[in-house]
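Remarks on the structure that follows.
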Amino acid sequence: MKKLFFFLFFLSFFINPSSAFAEKIRSFEVQIAAHKNGLMDITETINYDFENLDRHGIYRFIPLYSKVGDLYRVVKIENLKIERDNNPENFEKTQSKDKIDIKIGNKNKTITGTHIYKISYTVENGIGSNFLDHDEIYWNATGNNWEVPIEAAKITIATDFGVEQKDYICFTGITGSKEKDCEVSGYSASNLGILSPGEGLTAVAVYPPNTFPKSILLRSFPKTFAETIFDPILKNYYLIFIFLNFILASYLFVWYQKNKNKKRFGKPVVNFDFPEDLNKERIPPALAGTIDTAKLERDDVVATIFDLAIRKYIKLEEINKSSKVLRVINTSHREQVITKFKEDDGKLNAYEKKLFNRLFEAGKSVEVDTLKKDFYKTFEEMEKDVFKLLVEKGYYLKNPKIQRSLLLFTGLFSLFTLNIFLAGILFFLSVKLIGRTAVGDEIDFKIDGLKLFLKSMDRNYKWQAEKFYIVEQMIPYAIALGYIDKFMESLKILKPDYNPSWYAGYSGSFYTNYAGFYSNIGNNIATSAPSSSSGFSGGSSGSGSGGGGGGSW
């Protein structure tokens, strides 16, 4: 009895294959209305039974091309509308070069049981009107890629301008099948048996020649934009490889040597004066340092603070700040303080104003140690203002970060595509080419001459003694250009009793204390945001990396 039961159970799948599926299409009806201009309005009515399964909706994809011998007919689908149970339904349409994918349903809702979907759209260039003896509408009604059985399928093809069909035939089965398990009645064709997954219903309605305008046939399948660009490149790769790695790479190297290499100016000569722009106006230390290195650095900001002090906007002071603990152990703590000496008189440029306002946002003075917390924000604003000013003055085309990033990315792409010689040149240029203009190069050459003076002040003490007011104002330039220690050694020989009015030390000489002040400012000026806190020392549930969540569809 058990063997008989299992035999009858499995036999039921062959007698009624549709019962093996939890979902099915009860009916699939297609209506085509062909117009004189060659357009077709198509409506698909799909009676879909989800049975007891929870689903969001259905998928439908429609090919956009068909083969006509050795040619291609590419159709255009527009005016897509979808209803479920006579109400507008949510859907998402995604189109590639060969098909349209339609995802129908609401991701936030599920449905069960039987529902009727109505999909309507307009097709352009879908009629076979290129034959000498006839026109035809050759349409795959259901498609052959449904994953569920279709119990009943029907397609109706008619014109809206009174032209009758000369013939009408239909086909069923898998793709390429000549099977005709279907019947034609008037303008309609219907299947006779259940269409299993992978099977479909196709119909051909034949009309007199020239019933419709001639459709467009292509000799090759249309290429995507990317294929249009990259196919010629792939076909001519060797020629392109030679051009990129030998011709272009060589040209870039020669161009650099001729137009951008500073050696073209010859050897720099010692410059005893401040760098000046084309209007004979002094170029501030931070701008000089940025022109030299193509980036705003911490020392450029420190140089600006010293420059503001020398120009009598601020005063740098070192005070004795003791506490009960320090007094017990008979010691004290030196605190560096920046005090406002005078208000902004309108002569400060944009980045100097940003710095000046940040220093005194809470009062007339600021302790250097307090700058560490959020100064990186001010630094970022100063950096933008510095390069905006350099671009306005014609020294740079743009912020060098942009050009360097572009050259580096192009170099990496060249290396990835095996254009090794070109990649090497681009990496070289990403270091050397910094977006500086010809005018900027000339200014930089003069700054190189100033650097010679700053690192070799001991060569002409007589001139320096006579022009000490100029030498004093060179201190910020020595900071910005990286020669402050050597400069101060020579300055001490030149004027050992130097005690500037813009600096007040707690004890000892200026030469003894300046280094601590300079170092402490540099250590407390943050140029980037602090790193995130450690989970071990200050973490909490729900913080840190990872996390998120998940669930079922």
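Atom set for the values below is all heavy atoms of this structure, side chains included, hydrogens, waters and symmetry mates excluded. Position 1 is the first residue of the sequence, and the numbers go up from there.
The pair Glu381-Lys384 does not count as a salt bridge, with every side-chain nitrogen at least 4.0 angstrom from each carboxylate oxygen. Between Glu89 and Lys81, none of the side-chain N atoms (NZ, or NE/NH1/NH2) sits under 4.0 Å from a carboxylate O, so this pair counts as no salt bridge. Salt bridge status for Asp448 with Lys451: present, with a side-chain N to carboxylate O gap under 4.0 Å. Ionic pairing of Asp300 and Arg298 is not present here: no N-O contact between side-chain nitrogen and carboxylate oxygen is shorter than 4.0 angstrom. Remark: Glu383 does not engage Lys354 in a salt bridge, criterion side-chain N to carboxylate O under 4.0 Å.
Between Asp101 and Lys93, the closest side-chain pair of non-hydrogen atoms is not below 4.5 Å. Residues Leu287 and Leu390 form a side-chain contact, since some pair of their non-hydrogen atoms from C-beta on lies under 4.5 Å apart. For the pair Lys353/Asn349, no side-chain contact is recorded, criterion being any heavy-atom separation below 4.5 Å from C-beta on. Residues Tyr395 and Asp441 are not in side-chain contact: their nearest non-hydrogen atoms beyond the backbone lie 4.5 Å or more apart. The shortest side-chain heavy-atom distance between Gln336 and Leu316 does not fall under the 4.5 Å cut-off. For the pair Gln95 and Leu64, the minimum side-chain heavy-atom distance is below 4.5 Å. Considering only heavy atoms from C-beta on, Tyr503 comes within 4.5 Å of Glu318 through its side chain. In this structure, the side chains of Ile104 and Asn90 stay at 4.5 Å or more apart for every pair of heavy atoms.
In this structure, Lys312 is not positioned above the aromatic face of Phe341 in the sense of NZ or CZ being under 6.0 Å from the six-membered ring centre and within 45° of the axis. Both tests do not hold together for Lys103 against Tyr59: distance to the six-membered ring centre under 6.0 Å, angle to the ring axis within 45°.
Closest approach of Leu481 and Gly289 over heavy atoms only: CD2-CA, 4.0 Å. Of all non-hydrogen atoms in Lys347 and Arg311, the two that sit nearest each other are O-NH2, 4.1 Å. The nearest pair of heavy atoms linking Asn125 to Val74 is ND2-O, 2.9 Å. The two residues Phe387 and Lys295 make their nearest non-hydrogen contact at CZ-CA, 3.9 Å. Between Val368 and Glu335, the shortest heavy-atom distance links the atoms N-OE2, 4.2 Å. Shown here for Pro476 and Ile310, the closest heavy-atom pair between the two residues is CD-CD1, 3.5 Å.
The main-chain N or O of Gly57 is never found under 3.5 Å from a side-chain atom of Tyr117 such that the two would form a donor-acceptor pair. Judged purely by atom type and a 3.5 angstrom limit, His56 has no side-chain atom pairing as donor or acceptor with the backbone of Gly105. Of the possible polar contacts, none joining the Asp292 side chain to the Ala288 backbone as a donor-acceptor pair under 3.5 Å is found. A side-chain donor-acceptor contact under 3.5 Å links Thr370 to the backbone of Glu367.
By the side-chain hydrogen bond (donor to acceptor under 3.5 Å, both in side chains) test, Lys315 is found to be paired with no residue, residues two or more places apart in sequence or in another chain being considered. In this structure, Glu92 has no side-chain hydrogen bond (donor to acceptor under 3.5 Å, both in side chains) partners at least two apart in sequence or on a different chain. For Asn79, the side-chain hydrogen bond (donor to acceptor under 3.5 Å, both in side chains) partners two or more places apart in sequence, or in a different chain, are Thr122. Take Phe360 and apply the ring-ring contact (aromatic ring centres under 6.0 Å, His included) test, not counting sequence neighbours, and it matches Phe356.
Environment of OH in Tyr121: crowded, with over 12 heavy atoms of neighbouring residues, nucleotides or ligands closer than 6.0 Å. With a 6.0 Å radius and a threshold of 12 heavy atoms from other residues, nucleotides or ligands, Lys492 has its NZ atom at or below the threshold. Counting non-hydrogen atoms of other residues, nucleotides and ligands closer than 6.0 Å to CD1 of Ile216 gives a total of 12 or fewer.
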Extract all donor-acceptor atom pairs below 3.5 Å that involve side chains of residues 415-429 and protein atoms in other chains or at least two apart in sequence.
residue : atom : partner : partner atom : Å
Thr417  : OG1  : Phe413  : O            : 3.0
Thr417  : OG1  : Ser414  : O            : 3.0
Thr417  : OG1  : Asn419  : ND2          : 2.9
Asn419  : OD1  : Asn245  : ND2          : 2.7

All N/O donor-acceptor pairs, side-chain side in residues 279-286, below 3.5 Å, sequence neighbours left out:
residue : atom : partner : partner atom : Å
Arg282  : NH1  : Asp307  : OD1          : 3.2
Arg282  : NH1  : Tyr477  : OH           : 3.4
Arg282  : NH2  : Asp307  : OD2          : 3.0

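Tyr313 and Asp345 are linked by a side-chain donor-acceptor pair at a separation below 3.5 angstrom, with hydrogens and angles left out of the test.
Using the six-membered ring where Trp is involved, Tyr65 and Tyr72 have ring planes that are tilted, between 30° and 60° apart.
To the nearest 0.5 angstrom, Glu343 atom CD is 10.5 Å from Leu348 atom CG.
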